[in-house]
Structure formats: C-alpha cells, structure tokens
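The block underneath contains the structure these notes are about, expressed in structure tokens.
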Amino acid sequence: MSESSESPLVLVHRTPTLTYMDDHLSRNFRLLKTYASPDPLPVFLSRHAASVTAFVNIGRLKIDAELLSHLPSLQLLVCTSVGTDHVDLAECKRLGIAVTNAGDAFSDDVADCAVGLLISVLRLISVGDRYVRSGKWAKPGEFQLGTKVSGKRVGIIGMGTIGSRIAKRLEPFGCIISYNARTQKQSIPYRYYSDVLSLAADNDVLVLCCSLTDQTRHVVNREVMESLGKEGVIINVGRGELIDEKEMVKCLVEGVIGGAGLDVFEKEPQVPEELFGLDNVVLSPHAAVATPGALESVAQVAIANLKAFFSNQPLVSPVRLG
C-alpha cells in the first residue's frame with residue numbers, strides 16, 4: 001500500500017509510551033492521531049473522526065456506547081490486546097462494527113511468563129536474589145528453602161492457545177495437567193473439570209489465563225482459595241479481576257494459600273501494599289506480553305487486519321461478538 005493521499009485513513013489512539021506501532025501504521029496508512037491533539041477525546045472525535053471507518057486502539061482505552069456515538073461511520077475496531085473486556089462487544093454488534101484482537105501474537109510470551117512466575121514463586125528466585133544482594137548470604141541459616149516444581153499438579157483455568165502452551169511447557173517438568181474451560185475440548189488430553197472449585201481441590205497450582213467476562217469475574221474467590229489449600233499457588237497472567245483481590249491478599253497474609261505469581265491486578269497500576277512484604281509473592285507489572293518479538297507480532301497482526309478490511313478480505317483475528 002502506498003503512502004499517497006489515496007491511502008486509507010485510520011484513527012489511532014495510544015498512550016504516550018506505546019509507540020511500537022507508529023512506523024508500521026504510518027508506512028501503510030494516513031493516520032488521525034488522538035494522542036497528538038490537546039482536545040479531550042470526545043471533542044477530538046466529534047470534530048475530526050465522523051467519517052473514519054477503522055480505529056486502532058493501542059492499549060486498553062474503554063470502548064463504550066458513549067465513545068462509539070462519536071464515530072458514526074466506524075466499521076472496524078482493531079484491538080492490540082487478546083482480551084476485549086474493555087470493549088462493549090454487544091454495542092459493536094448492534095452497530096455492525098467488526099472487532100479484531102491480537103490473536104496468537106502474545107501467546108508464547110505469556111506462556112513463558114506464566115512458567116517463569118511459577119518457578120520463581122516455588123523456588124524463591126526473587127527471594128534469593130534479594131538475599132544475595134542484601135549481603136545476608138554470609139549469615140548461615142537465614143535462607144528458607146524453596147519447593148520442587150517438577151511433578152506438581154497444575155490446574156489451568158482457560159485452555160485456549162495460551163493455556164495449551166503453558167501446559168505444553170510444564171509437561172517436561174512432569175507436571176500433571178488438568179483444566180477448566182467453558183466446554184470440554186475433545187482435542188485436549190488433560191483431565192477436564194467443569195467447575196473451578198473441584199479443580200482447585202485436586203491441584204497444587206492454579207494458573208489463570210482465561211478471558212475476563214461477567215461469568216469469570218472473581219472466578220477465584222475465597223472458597224476456591226481455601227479449596228486450593230495452604231500449600232497452593234496461584235499464577236495470574238489473565239486479568240486482575242479474575243481473582244477477588246482483597247480476599248487473595250487476606251489468604252496470602254493468613255497462610256490460607258501458599259503463594260502467588262501475579263502479572264495483573266484489579267486496579268492497575270495500583271497494587272495492594274500488603275503484597276510488597278510477602279516473600280511468597282512475585283509481582284510483575286502486566287509485562288507478560290512485553291517483549292520486542294511480541295510487540296512486532298501484534299503490529300503485524302493489526303496491519304494484516306487493516307489491510308484485509310480495506311481490501312474486503314476476511315479479517316485475520318476477528319473477535320466473536322456473541
């Protein structure tokens with residue numbers, strides 16, 4: 001696609017730091033940049049974007065009915081995340097707006113991070129790092145022992161692409177995998193649990209990588225954590241709201257569960273301060289997807305969706321709108 005004035009016009013919204021798609025987009029399209037205007041977003045959209053048919057949302061700007069009312073010609077919303085809980089999909093469906101997401105662009109990186117968090121929690125990698133840096137190594141007897149990773153029973157909540165790649169990475173550790181999902185998947189060899197409570201009761205570790213929906217919000221509540229038990233570990237690379245965070249903090253402090261590796265939180269970037277002093281918790285700043293390779297992949301997926309849209313071809317990674 002050329003850089004001429006005939007190139008399609010695309011509306012782009014991003015935060016100041018998310019610049020990784022700028023070159024890709026500017027090489028292929030004319031851009032209408034919300035982030036380059038001092039106007040409040042609704043004012044900018046009303047003034048400049050009424051005729052725009054494609055919108056790239058880089059980040060997690062809330063796309064609701066009010067915002068969409070300023071985009072009467074919109075036909076395509078391109079999201080750069082896998083999850084679309086920040087988008088009113090029902091309203092998009094009502095308005096005839098197609099939605100795409102990042103597809104599989106992040107899957108390997110998120111799976112890698114999930115396994116890394118699990119190893120770090122169980123083997124006290126972060127604790128050991130702080131121990132060495134503080135100079136305490138010279139004082140024998142202070143360092144606590146970690147827990148074996150190999151052979152752990154791991155229950156995965158959400159057996160999509162990310163969940164299946166986490167399972168594949170854990171198999172060589174001799175981990176026993178089981179899962180919960182909306183429906184049992186005949187192509188998956190692992191044991192299926194129709195409810196999370198039973199999954200927690202039969203496992204040492206719960207890994208959360210499912211989509212956030214009304215049905216999965218706080219899918220891990222206090223009852224589930226009590227069922228997981230005092231040696232149990234939670235790994236969350238999905239969305240913070242999948243866990244009842246207040247109850248999780250209590251369970252960690254009280255020893256109801258054994259530990260947690262968390263890449264996501266309910267009110268990012270706010271993190272409960274009670275977690276900061278806990279050696280059995282490893283914290284990550286929603287960075288599971290943040291590698292140069294992953295960002296390059298998601299840029300390619302977004303560009304492919306835009307090109308398909310403007311060429312009247314099937315979208316690469318469409319989101320089911322219900």
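As a basis for the values below, the full set of heavy atoms in this structure was taken, side chains included, without hydrogen atoms, waters or symmetry mates.
Residues Arg239 and His286 meet the side-chain proximity criterion, which asks for heavy atoms closer than 4.5 Å. For the pair Arg222 and Cys251, the minimum side-chain heavy-atom distance is below 4.5 Å. The shortest side-chain heavy-atom distance between Val220 and Ile157 falls under the 4.5 Å cut-off. For the pair Val78/Leu306, a side-chain contact is recorded, criterion being any heavy-atom separation below 4.5 Å from C-beta on. Put simply, the side chain of Asn28 reaches to within 4.5 Å of the side chain of Lys307, judged on heavy atoms. At a threshold of 4.5 Å between non-hydrogen side-chain atoms, the residues Glu268 and Pro285 do not count as touching. Between Phe29 and Leu9, every side-chain heavy-atom pair lies at or beyond the 4.5 Å cut-off. Counting heavy atoms from C-beta on, the side chains of Ile303 and Leu25 come closer than 4.5 Å.
No option in Leu77, Val316, Val82, Val301 other than Val82 meets the side-chain contact (heavy atoms from CB on, under 4.5 Å) test with Asn101. Of the residues listed (Thr80, Thr19, Asp22), the one engaging Arg14 in a side chain to side chain donor-acceptor pair (under 3.5 Å) is Asp22, and it is the only one. Just one of Ile166, Val207, Val282, Leu208 meets the side-chain contact (heavy atoms from CB on, under 4.5 Å) condition when paired with Ile235; it is Val207.
Rounding to the nearest 0.5 Å places CD1 of Ile243 at 8.5 Å from CD of Glu266. Remark: Ser178 OG to Met159 CE distance equals 8.0 Å, nearest 0.5 Å. Annotation: the span from Thr216 atom OG1 to Arg182 atom CZ amounts to 8.5 Å, rounded to 0.5 Å. Between the CG atom of Asn203 and the CD1 atom of Ile156 there is a distance of 9.0 Å, given to the nearest 0.5 Å. Here the CE atom belonging to Met21 is positioned 9.5 Å from the CG atom belonging to Leu31, to the nearest 0.5 angstrom. Separation of atoms OG1 (Thr34) and NE2 (His13) is listed at 5.0 Å; rounding is to 0.5 Å.
Contact record, Tyr193 with Asp202: OH-OD2, 2.7 Å, taken as the closest heavy-atom pair. Nearest heavy-atom pair, Ile97 versus Leu76, reported as atom, atom and distance to 0.1 Å: CG2-N, 4.0 Å. In this structure, Ala308 and Leu315 approach most closely via the heavy-atom pair CB-CA, 4.3 Å. Nearest approach of Ile234 to Ile257, heavy atoms of both residues: CD1-CD1, 3.9 Å. The two residues Gly238 and Val264 make their nearest non-hydrogen contact at O-CG1, 3.6 Å. For the pair Arg30 and Ser7, the tightest heavy-atom approach, listed with the atom from each and the gap, is NE-O, 2.7 Å.
Val12 and Leu41 are assigned to two separate hydrophobic clusters, defined by single-linkage of ILVMFWY side chains at heavy-atom distances under 4.5 Å. Transitive grouping of hydrophobic side chains (ILVMFWY, heavy atoms separated by less than 4.5 Å) keeps Val56 and Val99 in distinct clusters. Hydrophobic clustering of Ile, Leu, Val, Met, Phe, Trp and Tyr side chains at less than 4.5 Å, counting indirect connections, unites Val205 with Ile162. By the criterion of side-chain heavy atoms lying less than 4.5 angstrom apart, applied directly or through intervening Ile, Leu, Val, Met, Phe, Trp or Tyr residues, Val149 is grouped together with Ile177 in one hydrophobic cluster.
Taking the charged nitrogens against the carboxylate oxygens, Arg94 and Glu91 do have a contact shorter than 4.0 Å, which makes a salt bridge. Contact check on Lys62 versus Asp88 returns no salt bridge, with no Lys/Arg side-chain nitrogen under 4.0 Å from an Asp/Glu carboxylate oxygen.
For Tyr192 and Tyr179, the gap between ring centers is short of 6.0 Å.
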Less than 3.5 Å apart, which donor and acceptor atoms pair up between the side chains of residues 104-113 and the rest of the protein, not counting sequence neighbours?
{"from": "Asp104", "atom 1": "OD1", "to": "Thr161", "atom 2": "OG1", "distance (Å)": "3.3"}
{"from": "Ser107", "atom 1": "OG", "to": "Asp104", "atom 2": "O", "distance (Å)": "3.4"}
{"from": "Asp108", "atom 1": "OD1", "to": "Arg165", "atom 2": "NH1", "distance (Å)": "3.1"}
{"from": "Asp108", "atom 1": "OD1", "to": "Arg169", "atom 2": "NH2", "distance (Å)": "3.1"}
{"from": "Asp108", "atom 1": "OD2", "to": "Arg165", "atom 2": "NH1", "distance (Å)": "3.4"}
{"from": "Asp109", "atom 1": "OD2", "to": "Thr291", "atom 2": "OG1", "distance (Å)": "2.7"}
{"from": "Asp112", "atom 1": "OD1", "to": "Arg169", "atom 2": "NE", "distance (Å)": "2.6"}
{"from": "Asp112", "atom 1": "OD1", "to": "Arg169", "atom 2": "NH2", "distance (Å)": "3.2"}

Donor-acceptor contacts, no H, no angles, side chain residues 274-281, under 3.5 Å, sequence neighbours left out:
{"from": "Asp279", "atom 1": "OD1", "to": "Arg130", "atom 2": "NH2", "distance (Å)": "3.2"}
{"from": "Asn280", "atom 1": "ND2", "to": "Gly258", "atom 2": "O", "distance (Å)": "2.9"}

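Using modelled atom types, one finds no donor on one side chain facing an acceptor on the other under 3.5 Å when comparing Asp129 with Ser126. There is no side-chain donor-acceptor pair under 3.5 Å between Ser194 and Asn180.
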Report task. Decide salt bridge (charged side-chain N to carboxylate O under 4.0 Å, His left out) for Glu171 and Lys168; before the verdict, give the C-alpha distance in whole Å, the side-chain angles of both, and the deciding distance to 0.1 Å. Result -> CA-CA 5 Å; Glu171 281 185 350; Lys168 188 172 183 178; over 6 Å; no

**Report entry** Verdict with reasoning, Val115 to Ile119, per side chain to side chain contact (heavy atoms under 4.5 Å, CB included)
**Finding:** CA-CA 6 Å; Val115 175; Ile119 295 172; 3.9 Å; yes

Query raised in the report: Yes or no on side chain to side chain contact (heavy atoms under 4.5 Å, CB included) for Ile176 and Tyr190, after CA distance, side-chain angles and deciding distance?
Result: CA-CA 8 Å; Ile176 302 164; Tyr190 315 118; over 6 Å; no

Query raised in the report: Would Glu296 and His24 satisfy side-chain hydrogen bond (donor to acceptor under 3.5 Å, both in side chains), going step by step from the backbone distance to the final call?
Result: CA-CA 9 Å; Glu296 175 66 22; His24 290 279; 3.1 Å; yes

Query raised in the report: Asp204 and Lys152: salt bridge (charged side-chain N to carboxylate O under 4.0 Å, His left out), yes or no, with the steps?
Result: CA-CA 6 Å; Asp204 307 304; Lys152 282 289 184 286; 5.5 Å; no

Report task. Before giving the answer on side chain to side chain contact (heavy atoms under 4.5 Å, CB included), spell out for Phe309 and Gln75 the whole-Å C-alpha distance, their side-chain angles and the decisive distance to 0.1 Å. Result -> CA-CA 9 Å; Phe309 169 72; Gln75 298 175 36; 3.7 Å; yes

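A donor-acceptor pair is defined here as one N or O able to donate and one able to accept, closer than 3.5 Å; such a pair exists between the side chain of Ser69 and the backbone of Glu66. Counting only distance, with no hydrogens or angles, the side chain of Asn57 and the backbone of Leu61 share a donor-acceptor pair below 3.5 Å. Side-chain atoms of Asp263 come within 3.5 Å of backbone atoms of Ala287 as a donor-acceptor pair (strictly under, hydrogens ignored). A donor-acceptor pair under 3.5 Å links the side-chain atoms of Ser227 to the main chain of Leu197, judged by distance alone. In this structure, Ser81 contributes its side chain and Gly83 its backbone to a donor-acceptor pair below 3.5 Å. With Ser134 contributing its side chain and Tyr131 its backbone, the two residues share a donor-acceptor pair below 3.5 Å.
Residue Glu254 places its CD atom among more than 12 non-hydrogen atoms of other residues, nucleotides or ligands, all under 6.0 Å distant. Open room surrounds CD on Glu223; 12 or fewer heavy atoms of other groups in view lie less than 6.0 Å from it. Within a 6.0 Å sphere centred on CZ of Arg123, other residues, nucleotides and ligands contribute 12 heavy atoms or fewer.
The ring-ring contact (aromatic ring centres under 6.0 Å, His included) pairs that include a residue from residues 46-72 are Phe44-His48, where partners are two or more places apart or lie in different chains.
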